[in-house]
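As the structure is a prediction and not an experimental result, all values here were calculated from the model. Just so it is clear: chains get the letters A, B, ... in the order the sequence lines come, proteins before strands, and each one is counted from 1.
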Amino acid sequence: MAKHLLIVESPAKAKTIEKILGSDFEVKSCYGHIRDLEKEDMGIDIKNGYKPKYIISEDKQKVVKELKSIAKKSDDVWLATDEDREGEAISWHLCEVLGLDPKTTKRIVFHEITKPAIQKAVENPRFVNMDLVNAQQARRILDRIVGFELSPVLWRKMSMRNNLSAGRVQSVAVRIIVERERDITRFKVNSSFKVEAFFSADDINKKKVTFKADGPDKISDVNGANGYLEKCIGAKYTVKDIQVKPGKKSPSAPFTTSTLQQEASRKLGYSVSKTMLLAQKLYENGHITYMRTDSVNLSETALDASRAAIISQYGEKYHQQRVYKTKSESAQEAHEAIRPTDMNATTAGDADTTRLYELIWKRTMASQMADAQLERTIAKINVSTQPDMLTATGEVLRFDGFLKVYSEGRDEEDGEDENGGLLPPLTVGQALDFQRMQATERFTRPQPRYTEASLVKKLEELGIGRPSTYAPTISTIQARGYVEKRDKEGVKRNFQVLTLKDDKVTAVTDSENFGAEKSKLFPTDLGMVVNDFLREHFTKVMDYDFTAKIEAEFDHIAEGRQVWNKMIDDFYLPFHENVEHTIETASRAKGERELGVDPVSGKPVVARLGRFGPMVQIGVSATGEAAATEEKPRFAKLRTNQSIETITLEEAMELFKLPRNLGVFEGEDVVVNIGRFGPYAQHAGQFYSLKKEMDPYTVELIEVAPLIEEKRKAKAESEIKVFEKEKIRILKGPYGPYIKQGLRNYKIPKEQAETPAALTIEDVKVIIEEAKANPPKKAPRGKKGK
DNA sequence: CAGTGAGCGAGCTTCCGCTTGACTT
């Protein structure tokens, strides 16, 4: 029997540490927080100094019971939760629950799971730091107050749905998305002309190659561009000056949670939650260190291992030991950076997991490798008819260094500044062989919409959220319907190109597809209306630096310079008064916007958020007695990519043209409309998707009728048996026969699936009953309890 | 993939951070 019980947060860590410590210690995990504020009355006794009321979380009952029984049998208990605010609080909660005295119970900390680190920790135990615990309690209580007081305000003041929420982190995340969207809407596109000249020259092997030189500053309009090219007709081009400058590139720091999510998104196209899921697997299988971290630090053992791997694979000159410092002020650095546990392992699990592992491996290697050495050549070219010179730039890699294994991906925001590759050898005074010059119209671009990963980057910069909450926060704002992840189709745009060749300037109009985006975050109308409401009434909490400000106060509490419930009191009194005042005075938020008047009836047309989502409306809703006499207003739902903020009167009027009744086919009306999945026709209770070339606004019955017949035929072929009265059908599916009742499908048990036509209605009912009795449970993420 | 859209009001919803399962197709 082990003498000491040592408790850590993560079970995967427990296993490793037990091996290191040997049989004197039994190492168990508590799986994170074991207690939380109860939900009734916010779990805070506000009148009594904000005394928190904790309960053991339902999903931790079992864990706590087990820890209690082992603790009883052990000589003593050691607390080895993470060394940060949350970890300290977990240790204190463990003391409370296991009946330990925080003043005497041994508390140890380490930042890496290596033998020397753990042994050193065991030799230097301390006790629970109550100041730090109080800082955590203040954090927890403030978040509960903000979340549980603001959300109910939304329930009362929003016209839509009832699972709305607001919080210190999520509401600011939504604000970031909303403001970027409005920047894009407001953005004024400017165009200008960029001049490029093409020359040919001999390369080192006396072969002719073409190289490019850039013209002077951008020219603002087509006349200017034309004038510039005209002036160059017949000009002589000579090399005036050549400069060669050395340069270097350095590797990035090893991965933190946030940078891993960004790179996996840019290079592998993984969503933030996919990255975390795969990283969790890698961690549990012992391939990488802990994946929720804000530290860029590598342990001594990791430095040694990567040095050995670099030297053996690439040689001594590729190695350069580096120590990185965290830029983020909010970092708590309880763990190491994310790195492989074994630098010699190359694969780990299935293809997707291995790709993520390789990314981590390469990034870790590169972080300990030498700089890449560059040589940049800048040649100035004189134009005999112009005062300004052209510039040709070339870049050559002299030593690849860390680029041998890894180069970091780039966000679109970083812009396009590609340098040409190699320039042919040039000498000062050399006359150049001119081929052509062209002035191309280019357009300014607004900032791109956020991806999940670039939103995480922004949140981290603002110090909002923690590594363990980035992925859940992004899920929450989508689940609440504030933000949508979707693609945007590009639009065709024309641009002009002027070309000077053979002493003649010619102009052509070319076209490009622009503005196409994939998997970007768009605010919904609900998101924008909620955001505006919160910004108007709760300015302080919605400030980008609100978190930073309160974090500074939590630090004061942690240093023992401030009393935690005094800090909460200072926040709560004005905040709560603001909540009460808003409930009393603010009107319901609808985001209403007048678009103009209906040209036919002369009635006003408005766009607003209705009870069932964004809509446009002709005419004003009348209430009371007037309602009986006045003509009712007409309503139309907005399409998926329309917004009440940007929809025009013309677009709104289009919406009222649908649904269209095309006439009668086989005794039933055919109605076309645009639904959630695109344009469709409805006939005799069935839905038929329209073909791409069919426009729901103009399509005629003659075109739609064959579609219905064709689909119906295909359907009949897949039908095995139909029970008309019960509206149940047995159908042929790709995985075998199945039963369809309304929208729901039921699998047919194996034995019966062989002769589906033999099934009676009684058999079918039994199958459905049984399927309903054992419903396939869907596990809602993060939901616990009933 | 419908239409619904005002207001009444029972009974519901909600936060952030720390950890993993246990579910199907």
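A/Leu94 places its CG atom 16 Å from the P atom of B/dC18, with the value rounded to the nearest Å. For A/Asn285 and B/dT20, the CG to P distance is 13 Å, given to the nearest whole Å. Atom CZ of A/Arg85 and atom P of B/dC18 are 8 Å apart (whole Å). Straight-line distance from the NZ atom of A/Lys637 to the P atom of B/dT4: 11 Å, rounded to whole Å. Residue A/Tyr572 contributes atom OH, which lies 18 Å from atom P of B/dC15 at whole-angstrom precision. Summarising the geometry, the separation between CZ on A/Phe656 and C1' on B/dG3 is reported as 14 Å, rounded to the nearest angstrom. When the P atom of B/dC15 is taken as reference, atom CD1 of A/Ile44 falls 15 Å away, rounded to whole Å. Here the P atom of nucleotide B/dC12 and the CG atom of A/Leu164 are 18 Å apart, to the nearest Å.
Among the protein residues, A/Gly465 comes within range of the sugar-phosphate backbone only, with heavy atoms under 4.0 Å from sugar or phosphate atoms but none that close to a base. Within the nucleic acid shown, A/Gly167 comes within 4.0 Å of sugar-phosphate atoms alone, with no base atom in reach, counting heavy atoms only. Contacts of A/Tyr688 with the nucleic acid, taken as non-hydrogen atoms under 4.0 Å apart, are absent. Residue A/Thr473 is out of contact with every strand shown, counting any heavy-atom pair closer than 4.0 Å. Nucleic acid contact class of A/Val169 (heavy atoms, under 4.0 Å, all strands): sugar-phosphate only. Among the atoms of the strands shown, only primed sugar atoms or phosphate atoms (P, OP1, OP2) are found under 4.0 Å from some heavy atom of A/Ala166. Using a 4.0 Å heavy-atom cutoff across all strands shown, A/Met42 reaches no nucleic acid atom at all. Using a 4.0 Å heavy-atom distance criterion, A/Pro679 is classed as making no nucleic acid contact. No contact: A/Gln136 has no heavy atom under 4.0 Å from any strand.
Of the candidate nucleotides B/dT14, B/dC18, B/dT20, B/dT14 has the atom nearest to the side chain of A/Ser151. Residue A/Phe687 has its side chain nearest to B/dC1 when only B/dG5, B/dC1, B/dT20 are considered. Checking B/dC16, B/dG5, B/dG3 against every side-chain atom of A/Phe635, the shortest atom distance belongs to B/dG5. The A/Glu284 side chain lies nearest to B/dT20 when the options are B/dC15, B/dT20, B/dG5. Side-chain proximity of A/Trp155 to B/dA6, B/dG17, B/dT14: nearest is B/dT14. Side-chain atoms of A/Asp36 lie closest to B/dC16 of the nucleotides B/dG5, B/dA2, B/dC16. Looking at the side chain of A/Asn163, the nearest of the listed nucleotides B/dG3, B/dT19, B/dT14 is B/dT14. Closest contact between the side chain of A/Glu9 and the listed nucleotides B/dT20, B/dC18, B/dG3 involves B/dC18. The listed nucleotides are B/dC15, B/dT19, B/dA2; the one nearest the side chain of A/Tyr680 is B/dA2. Of the candidate nucleotides B/dA6, B/dT14, B/dT20, B/dA6 has the atom lying nearest to any side-chain atom of A/Arg608.
By the salt bridge (Lys or Arg N to Asp or Glu O under 4.0 Å) test, A/Glu553 is found to be paired with no residue, residues two or more places apart in sequence or in another chain being considered.
Residue A/Gln280 has a polar side-chain atom (N or O) positioned under 4.0 Å from OP1 or OP2 of B/dT20. A sub-4.0 Å separation between OP1 or OP2 of B/dC16 and a side-chain N or O of A/Gln170 is present. Look at A/Arg168 and you won't find any side-chain N or O under 4.0 angstrom from OP1 or OP2 of B/dT14. The side chain of A/Ser10 contributes an N or O atom lying less than 4.0 Å from OP1 or OP2 of B/dT20. For B/dG17, the OP1/OP2 oxygens have no side-chain nitrogen or oxygen of A/Tyr470 closer than 4.0 Å. The shortest distance between the side-chain N/O atoms of A/Arg292 and the OP1/OP2 oxygens of B/dT20 is below 4.0 Å. At the phosphate of B/dC16, neither OP1 nor OP2 sits under 4.0 Å from any side-chain N or O atom of A/Thr469.
Comparing A/Arg144 and A/Tyr290 along DNA chain B, the residue whose closest nucleotide (by nearest heavy atom) sits nearer the 5' end is A/Arg144. Ranked by how close their nearest DNA chain B nucleotide is to the 5' end, A/Asp84 and A/Pro659 are led by A/Pro659.
With pairs defined as Watson-Crick or G-U wobble and both atom distances under 3.5 Å, not a single stem of at least three pairs touches DNA chain B.
With A/Val153 as the partner, the side-chain contact (heavy atoms from CB on, under 4.5 Å) test is satisfied by one option alone out of A/Leu534, A/Ile583, A/Asn578: A/Ile583.
Minimum interatomic distance between A/Glu654 and A/Lys657 (heavy atoms only, all atoms of both residues): OE2-NZ, 2.8 Å. Smallest separation of non-hydrogen atoms from A/Arg480 and A/Ser165: NE-OG, 2.7 Å.
Counting atom types as modelled, A/Arg139 pairs a side-chain N or O with a base atom of B/dC16 as donor and acceptor under 3.5 Å. Between the base of B/dC18 and the side chain of A/Arg466 there is no donor-acceptor pair shorter than 3.5 Å.
Between A/Arg634 and A/Asp598 there is no salt bridge, since no side-chain N of the basic residue sits under 4.0 Å from a carboxylate O of the acidic one. Look at A/Arg139 and A/Glu86 and you find a salt bridge, because one of the NZ, NE, NH1 or NH2 atoms lies within 4.0 Å of a carboxylate O, short of that distance.
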Can you give the donor-acceptor pairs under 3.5 Å from side chains of residues 285-292 of chain A to other protein atoms, not counting sequence neighbours?
| unit_1 | atom_1 | unit_2 | atom_2 | d |
| --- | --- | --- | --- | --- |
| A/Asn285 | ND2 | A/Lys281 | O | 3.2 |
| A/Thr289 | OG1 | A/Ala337 | O | 2.9 |
| A/Thr289 | OG1 | A/Arg339 | N | 3.0 |
| A/Thr289 | OG1 | A/Arg339 | O | 3.4 |
| A/Tyr290 | OH | A/Arg292 | NE | 3.1 |
| A/Tyr290 | OH | A/Arg292 | NH2 | 3.3 |

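Side-chain polar atoms of A/Thr293 and A/Ser295 form no donor-acceptor pair below 3.5 angstrom. Residues A/Asp294 and A/Thr256 have side chains that never bring a donor and an acceptor to within less than 3.5 angstrom of each other.
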Is there a side-chain contact (heavy atoms from CB on, under 4.5 Å) between A/Gln261 and A/Glu452 once you walk through the steps? CA-CA 9 Å; A/Gln261 288 170 348; A/Glu452 289 188 355; over 6 Å; no
Walk me through it: do A/Asn565 and A/Lys51 pass the test side-chain contact (heavy atoms from CB on, under 4.5 Å)? CA-CA 8 Å; A/Asn565 47 6; A/Lys51 193 168 184 285; over 6 Å; no
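Under the stacking definition used here (centres under 5.5 Å, planes under 30°), the residue A/Phe612 qualifies as stacked on the base of B/dT4. B/dT14 has A/Phe148 stacked on its base ring, the centres lying under 5.5 angstrom apart and the planes within 30 degrees of parallel.
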